[in-house]
Amino acid sequence: MTLLFGAACGLSVANIYYAQPLLGPIAETLDLHAGLAGLIMTLTQLGYGLGLLLLVPLADVVENRRLIACALVGAVVGLAGITLSDSAATFLAASFLVGAGAVAAQVLVPFASHLAPEATRGKVVGNIMAGLLAGIMLARPFSSIVAAALGWRAVFAISAVLMALLIVVLWRALPQRHPHASVGYARTMASLPGMVWRVPVLRRRGLYQGMMFSSFQAFWTTVPLLLAHEFGLGQGGIAAFALAGAAGALAAPWAGRLADRGLTRPATGWAMAAGLLSFVIGALSVRFHSIAGLVLAGVLLDGAVQLCQVLSLRSLYVLAPELRGRLNGLFMTFIFLCAAVASALAAAVYAFHGWMGVSLLGGGFVVVALALFATEFMRRASPLPAT
């Protein structure tokens, strides 16, 4: 079941990232200005963010298997729309729908945490998150390879078929989960603002991961453009680079074990320090034209972001089992709103200031997270739980 959950999460969330290494070809086909190419990722992530806010909390209200299937149906419709789109407007609208449907992954993660025993919950969540991150990272080489052979539209057509098959498999394999003591959708949504106010761990971990994931988006939105312009790589070379970066997924199971051992706070600091170091390495690598150094920067950044995310989810999932859908929805909504802004900013910054500007932008996001993390050691009041 852990393998199934991990694979399903990876396939679902990969839909958000197929377009990332294809921004150039897609923008050219749709007559979209290079400085606006980041909108392709931004609209997808905004759809994901809206789905996280409006659909994921339904996991505390309606039967989970049915909710997952409905979300994936939306993704299939959006992917078909992208495949058939003939203008930037229709492509962006379909991308928004794909993002909204991809939130099935964020229903699957808390669903799995309900099934896992308390003693190994961090390990299980970490293993599933490894599948999710593998989906994010493998989406780029997959889309690059398929686009080089069959054109970029084939990427989304193949994914539509995969999503349809995934719906059938999950419907047959997943157990039903009916939430206990549901208060209805309207009251569930009305409870969200108060939950943000009452749960300081949610605010703090959301800000940590929002900044870390913004740095991740800044790097991966622009590095395909850098590899093409500065290193002369084609889609095959960009795919190989992204495949090497997928090694960062190996940090997820390790992160879950650290959380189970009560090392959430120090491990969070290690993740942020590694994220900042990755941008230093990346800037130096481009300065000295070292693609190996750039690969190292990508792997280090991916591992750091994944480590911080698993630690954050483990911290939230121990708070209140009946609130996991809402906590996860609020947490991920903030993260992907940050990521949507970061994608748009990164494309524009790269267009006008090059890779050094992107390095400063991404490193700046991590510095904000580190500054907030430092306040954990300055407060006189009782610290937040480090669970």
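Atom-to-atom distance recorded for Arg153:CZ and Asp86:CG is 7.5 Å, nearest 0.5 angstrom. The distance from the CG atom of Leu361 to the CZ atom of Phe219 is 13.0 Å, given to the nearest 0.5 Å. In this structure, Met211 CE and Met272 CE are separated by 10.5 Å, a value rounded to the nearest 0.5 Å. We find the CH2-CZ distance between Trp197 and Arg203 to be 6.5 Å, quoted to the nearest 0.5 Å. Put simply, CG on Leu166 and CG on Leu162 are 8.5 Å apart, with the number rounded to the nearest 0.5 Å. Considering CG of Leu46 and CG of Leu337, their distance stands at 6.5 Å, rounded to 0.5 Å.
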query = Do Trp220 and Asp302 pass the side chain to side chain contact (heavy atoms under 4.5 Å, CB included) test, and can you show the C-alpha distance, the side-chain angles, and the key distance before you say yes or no?
reply = CA-CA 10 Å; Trp220 284 105; Asp302 293 347; 2.8 Å; yes
key: Verdict with reasoning, Arg205 to Thr268, per side chain to side chain contact (heavy atoms under 4.5 Å, CB included)   = CA-CA 10 Å; Arg205 301 304 309 196; Thr268 298; 3.0 Å; yes
query = When you look at Phe111 and Leu174, which way does the side chain to side chain contact (heavy atoms under 4.5 Å, CB included) test go after all the steps?
reply = CA-CA 10 Å; Phe111 188 178; Leu174 292 184; 4.2 Å; yes
CA sep, side-chain torsions, deciding dist, call: Ser343, Gln217, side-chain hydrogen bond (donor to acceptor under 3.5 Å, both in side chains) = CA-CA 6 Å; Ser343 294; Gln217 285 300 115; 3.0 Å; yes
request  = List the steps and the verdict of side-chain hydrogen bond (donor to acceptor under 3.5 Å, both in side chains) for Trp152 and Ser143.
outcome  = CA-CA 7 Å; Trp152 63 262; Ser143 64; over 6 Å; no
message = Determine whether Arg204 and Ser315 satisfy the following criterion, side-chain hydrogen bond (donor to acceptor under 3.5 Å, both in side chains), listing intermediate values before the conclusion.
response = CA-CA 11 Å; Arg204 181 171 288 274; Ser315 298; over 6 Å; no
task = Apply the test side chain to side chain contact (heavy atoms under 4.5 Å, CB included) to residues Leu108 and Ile128: give CA-CA distance (whole Å), side-chain angles for both, the deciding distance (0.1 Å), then the verdict.
result = CA-CA 9 Å; Leu108 283 161; Ile128 292 171; over 6 Å; no
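Note: the hydrophobic cluster containing Leu233 also contains Val295 (ILVMFWY, side chain heavy atoms under 4.5 Å, direct or indirect links). Both Met163 and Val73 are members of a single hydrophobic cluster when ILVMFWY side chains are connected at heavy-atom separations under 4.5 Å. Hydrophobic clustering of Ile, Leu, Val, Met, Phe, Trp and Tyr side chains at less than 4.5 Å, counting indirect connections, unites Val201 with Leu330. Note on Leu300 and Trp270: separate hydrophobic clusters, where clusters join Ile, Leu, Val, Met, Phe, Trp and Tyr whose side-chain heavy atoms are under 4.5 Å apart, directly or indirectly. Linking Ile, Leu, Val, Met, Phe, Trp and Tyr whenever their side-chain heavy atoms come within less than 4.5 Å puts Ile82 and Leu30 in one cluster.
Note: Tyr17 and Phe216 have perpendicular aromatic rings, judged against thresholds of 30 and 60 degrees for the angle between ring planes. Classification of the Phe91-Phe156 ring pair by plane angle, with boundaries at 30° and 60°, yields perpendicular.
Contact detail for Leu22 and Ser144: the closest heavy-atom pair is CD2-CA, 4.4 Å. Contact record, Ala283 with Ser359: CB-OG, 3.8 Å, taken as the closest heavy-atom pair. Of all non-hydrogen atoms in Gly362 and Ser215, the two that sit nearest each other are O-CB, 3.4 Å. Contact detail for Thr333 and Leu53: the closest heavy-atom pair is OG1-N, 3.0 Å. Between Ala105 and Leu132 the shortest heavy-atom distance is CB-CD1, 4.2 Å. Of all non-hydrogen atoms in Val98 and Gly78, the two that sit nearest each other are CG2-C, 3.3 Å.
Trp171 has its side chain out of reach of Ile68: every pair of non-hydrogen atoms, C-beta onward, lies at least 4.5 Å apart. Residues Val56 and Met332 form no side-chain contact, since every pair of their non-hydrogen atoms from C-beta on lies 4.5 Å or further apart. In this structure, the side chains of Asn64 and Gln176 stay at 4.5 Å or more apart for every pair of heavy atoms. In this structure, the side chains of Thr83 and Val155 stay at 4.5 Å or more apart for every pair of heavy atoms. In this structure the side chain of Tyr48 never reaches within 4.5 angstrom of the side chain of Thr44, judged on heavy atoms. A heavy-atom distance below 4.5 Å is not found between the side chains of Phe334 and Gln209. The shortest distance between side-chain heavy atoms of Val76 and Ile167 falls below 4.5 Å. Side chains of Trp355 and Leu294 form a contact here, defined as non-hydrogen atoms less than 4.5 Å apart.
Looking only at distances, no side-chain donor or acceptor of Arg65 sits under 3.5 Å from a matching main-chain atom of Leu170. Between the Thr221 side chain and the Ala218 main chain, no donor and acceptor come within less than 3.5 Å of each other. His353 places no side-chain N or O within 3.5 Å of a backbone atom of Val349 that could act as its donor or acceptor partner. In terms of modelled atom types and a separation under 3.5 Å, the side chain of Ser278 and the main chain of Gly275 share a donor-acceptor contact.
The environment of Arg66 atom CZ is sparse: at most 12 non-hydrogen atoms of other residues, nucleotides or ligands sit within 6.0 angstrom. The number of heavy-atom neighbours closer than 6.0 Å to CG of Leu3, taken from other residues, nucleotides and ligands shown, is 12 or below.
Other cluster members for Leu84: none, since no ILVMFWY side-chain heavy atom sits under 4.5 Å from it.
Salt-bridge annotation for Glu63 and Arg177: absent, with no side-chain N of the basic residue lying under 4.0 Å from a carboxylate O of the acidic one.
Taking the six-membered ring wherever Trp is involved, the centroid distance between the rings of Phe213 and Phe365 does not fall below 6.0 Å.
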